[in-house]
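Structure first, commentary second.
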Amino acid sequence: MTSDPVVVPEGLAVRGGPAVLEGLAVLGGPEMPGAPAVPGVGAVVPGFRPDPVVVREPLVVPDRMNTRLVLVGSSTFTRGLSPLPAAAADVRDLAGALTGPDGLFDPSALATFVDPVEPGLVLDRLHSYADLATPLDLLLFYYAGHGVSAEDNRLCLALPGTVDVPKAAGRTSLPAEDVFAALRGARARHRVVVLDCCYAGRALDAPSAADLHLLLASDRISRALTNPSGEGNTAFTTELLLLLRAGDPEGARHLGLDTLFRRLVEALPGRDPLGPPRPLQRTVNLSGDLALAVNPAYGTGRTAPGLARRARLADRVGRAGHPARAGMLFGRIAGDAAQVLPPGRECFRYERAHAAWTGASGDAAGAAALLDGIVPRMESVLPGDDEDLRDARTSLAHWRTAADAAERV
């Protein structure tokens, strides 16, 4: 894994633009309430009509007691690979999310391995599910750690004693194909693999993974992202945990694999906008409908806390390199907020975020047009020295200048 920083699109350092949204109370949740409402402030975004959100409930909620979860993390290494303490935290925290209050699974279904010294410890557990009298509803395997290459570019999952040399990797690590073969031999209706490691996309090329649902943190040639500080969780699992813990305000009652994948793609950066998204997913029949947790934010999309949660998600989408998508999301949020929140400063902040991300996507004229409608309404109700009003005016001046420059080109 690597600690490459998330690339923030250019133009976001504008006062009042997305880069300062971190300081806006509008991005807070219950623990960071929004600013007090100002009477008379807030209106529907001119010309904006929010698209309807189609929510489809996952079709398969696995049997809580008839599921097995095998979570593996490799964090310490003795033969040259760099330490990865986040992998141990990933296993601990994901286990808590999947078996906690909003998780769908009983703690007795869980088997965790942190720094297993030999592959047999993990493979023996997987092989034990081959002789069950009753098939499992779901068998899920998760790995966090270093992905290394064996000969023929085969993916191997690093263990503490792994040597990161192709000739040695296969015999000193946990070969991914051995994991897949064990999963295919298990008696289970649904088999899911989640790999948070470098080169995870090579799992797509393994014949033994043909009938497995794959959710992968990286493509065939890319390194997975980890926290630059070395603390907390890896980048992929950070976003996965955020979804499981905070939920999706516009989502269904349960969080299915397809919903999680779509949100992960939005929140995680892609290196090449023309290439495949990161992460990757491959489904088997309707395996994307498998639910992993209750959605704790279900039904809150048009409430103050739900709008704040949607704003945080939209901001993360923009910072992950998808400014146009963030602008569209904030446009919907602003339209909904104007309909369900009391008129106030909070509505203006959603509208300003819509404008800021619209400009960041390359549409300076669009951003200026939006702010042309926002600023006069702010001026009609806010003091002239109000900080939000000053920021909005500064943003308007910036995007007008950018739009004029674009016309001259």
Side-chain angles (χ1 to χ4, degrees), residues 1 3 6 27-32 58 62 67 69-75 84-105 107 109-114 138 140-145 192-197 200 213 215-218 224-252 254-269 278-281 290-298 300 305-306 308-317 319-320:
M1 291 196 176
S3 58
V6 172
L27 293 186
E31 71 283 359
M32 189 189 303
T67 290
L69 313 171
V70 179
L71 312 184
V72 181
S74 293
S75 63
L84 193 60
D90 288 345
V91 169
R92 179 195 66 226
D93 295 341
L94 185 59
L98 293 175
T99 63
D102 293 314
L104 293 178
F105 310 112
L110 186 65
T112 61
F113 298 86
V114 175
L138 169 65
L140 183 146
F141 175 85
Y142 167 90
Y143 173 83
V192 174
V193 175
V194 183
L195 299 181
D196 187 357
C197 64
H213 181 108
L215 179 57
L216 311 169
S218 60
L225 296 174
T226 188
N227 191 323
S229 69
E231 301 176 352
N233 301 101
T234 54
F236 171 88
T237 299
T238 292
E239 297 297 337
L240 178 59
L241 289 168
L242 182 63
L243 287 165
L244 293 173
R245 290 167 173 168
D248 181 353
E250 297 183 280
H254 292 91
L255 293 171
L257 285 167
D258 273 347
T259 296
L260 294 171
F261 172 68
R262 286 193 297 271
R263 291 303 193 188
L264 287 167
V265 168
E266 290 181 337
L268 290 163
R278 277 180 33 191
L280 303 176
Q281 177 176 255
L290 283 165
L292 294 189
V294 174
N295 181 5
Y298 173 66
T300 67
R309 167 68 178 145
R310 287 169 61 187
R312 287 195 297 273
L313 289 171
D315 189 59
R316 295 174 81 86
V317 168
R319 294 175 188 278

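To the nearest 0.5 Å, atom CG of residue Leu71 and atom CG of residue Asp90 are 10.0 Å apart. Note that CG of Leu195 and CZ of Phe236 are 8.5 Å apart. Values are rounded to the nearest 0.5 Å. In this structure, NE2 on His213 lies 7.5 Å from CG on Leu290, to the nearest 0.5 angstrom.
The only option from Leu292, Val70, Leu215 that meets the side-chain contact (heavy atoms from CB on, under 4.5 Å) definition with Leu140 turns out to be Leu292. Remark: of the listed residues Arg262, Arg263, Arg310, Arg263 is the sole one forming a side chain to side chain donor-acceptor pair (under 3.5 Å) with Asp248. Applying the side-chain contact (heavy atoms from CB on, under 4.5 Å) test between Arg245 and each of Leu240, Asp93, Asp102 identifies Asp93 as the sole match.
Here the closest heavy-atom approach between residue Ala291 and residue Phe105 is recorded as O-CZ, 4.0 Å. Closest of all the heavy-atom pairs between Leu216 and Pro279 is O-CB, 2.6 Å. Heavy atoms only, all atoms of each residue included: Ala297 and Ala246 are closest at CB-O, 3.4 Å. Contact detail for Leu242 and Arg309: the closest heavy-atom pair is O-NH2, 3.6 Å. Taking each heavy atom of Ala293 and Leu244 in turn, the nearest pair found is CB-CD2, 3.8 Å. The two residues Cys197 and Ser218 come nearest to each other via the heavy atoms O-OG, 2.8 Å.
Thr237 places no side-chain N or O within 3.5 Å of a backbone atom of Thr234 that could act as its donor or acceptor partner. Listed for the Asp196 side chain is no donor-acceptor partner under 3.5 Å among the backbone atoms of Ala217. Put simply, the side chain of Thr259 never gets that close to the backbone of Leu255: no donor and acceptor are under 3.5 Å apart. Side-chain atoms of Ser75 do not come within 3.5 Å of backbone N or O of Ala86 as any donor-acceptor pair.
Between Tyr143 and Val193, the closest side-chain pair of non-hydrogen atoms is not below 4.5 Å. For the pair Ser74/Leu84, no side-chain contact is recorded, criterion being any heavy-atom separation below 4.5 Å from C-beta on. Between Pro107 and Thr99, some side-chain heavy-atom pair lies under the 4.5 Å cut-off. Between Val91 and Val72 the shortest side-chain heavy-atom distance does not fall below 4.5 Å.
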Exercise. Hey, mind stepping through Glu250 and Leu313 against side chain to side chain contact (heavy atoms under 4.5 Å, CB included) and telling me if it holds?
Worked result: CA-CA 11 Å; Glu250 297 183 280; Leu313 289 171; over 6 Å; no
For this session: Take Leu264 and Gln281, measure what side chain to side chain contact (heavy atoms under 4.5 Å, CB included) needs, and give me the verdict at the end.
Result: CA-CA 10 Å; Leu264 287 167; Gln281 177 176 255; over 6 Å; no
